[in-house]
Amino acid sequence: MRIFAFLVLLLSPAWALPRLGLHEGFTRLVFDLPENATYAVALDKQTVVLTFRGVSEKPDDVSVGSPEVASYQVVPGQDALVVYVRLKPGAEPRWQLYDDAQGRRLVLDVFSPPSPKPASTPPPKPGGNVDSPAPKPQPKVVVIDPGHGGFDPGMVGVVVEKQITLAVALRLREILQARGIQVIMTREQDEHLSRDKATDLSMRADMANSKRNLFVSIHVNANGKGTAQGVETYVFGKTVDNSLLDKVIQENGGGEIGKRLTRQAESLAESLVSDIFAQFNLKYSKQLATFVQQSLVRATGALDRGVYSASLHVLRNARIPAILVEIGFGDHKIEGAKLADPKYQDRVATALADAIEKFLSNGKTASK
Ligand SMILES: [Zn+2]
């Protein structure tokens, strides 16, 4: 065992880890990742747990002492290296994988807790009946995922999917922000999050965490023949309708990868049937999907193809209501041309915003 461990140490690239940056308002930890290294991130109360495979490093315990990060600890294990990043109370971590000219790296940014409100409001008068103002409602936070991007164009027909999904998503962000809703985008330009499709979809899915209110992934449909039109909306679950399977595989990355990710998601969907939280969340996802489907059909006059459940990788781990909407068929001559029209994109974005707003304002409380 000892010899084996020694060999692993020799074979795994030596790793200088992490690069630490202290900035105004946040602390940045950068983990450079060799080609074949994999990672997983989990949040356990005030500790970010990063599990790496394919790298090795000596044990270490480093006190950081920034306003956001107390310390980090490096713990080499049998087949994985675990790094525990201990946060200061209220600090908020965000992570993203980058893969560009500067190399492949996981960037963990830990932000300061929002500073307490300045004491500009006069203190309540002593005695008497204090009219304490109602606590300000927390702003709603929505995650918008423009499907595909970068090396992955998505469907290519009359239009290129990645361009339409981004255009609609950016417009949707504008509309939501104007209505006081905060928006987090999985991408803001023509880029992929990772060259590895599974990692790419997981990184998008990871943004659907419990600090956000809902997740909407925007896609453009195709049937390969240019004969279909209309709008479809999806929630996560087993792909009941077998005729949808080809499309699900396509959206899960296509080819062998798409098939593998679909199989994984199918078996997860099966196991979630007995997960009370997942079923509870699914109920709200279905409600959001219904609002979105109705609103889109009403605003565009497009054919209503219905709401389905399917084993879509990008929705599989959502802890908040999460849907994937196919806003139209990009390989249909007429509908494809519509999707390319900024005025039509605006109509689609407005319809999505209306449905999201309706869900956020009364969706949860109105549901039975
Ligand atoms: Zn797509």
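Every number for a ligand or one of its atoms is a count from 1 in the order of the listing.
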| query | Is it true that a side-chain atom of Ser309 and a backbone atom of Lys238 form a donor plus acceptor pair closer than 3.5 Å? | reply | yes
Rounded to the nearest 0.5 angstrom, the CG-CG distance for Leu288 and Asn213 is 11.0 Å
For the Zn ion (ligand 1) the protein N, O or S atom count under 2.8 Å stands at 5
Side chain to side chain, Tyr308 and Thr233, heavy atoms closer than 4.5 Å:
no
query = Charged N to carboxylate O under 4.0 angstrom, Glu232 versus Lys247?
reply = yes
Kindly determine whether Gln229 and Arg305 satisfy side-chain hydrogen bond (donor to acceptor under 3.5 Å, both in side chains), including the steps that lead there. CA-CA 9 Å; Gln229 295 190 72; Arg305 298 174 63 95; over 6 Å; no
Sorted by chain and number, sequence neighbours left out, side-chain contact (heavy atoms from CB on, under 4.5 Å) with Asp354 holds for Arg179, Ser295, Thr350
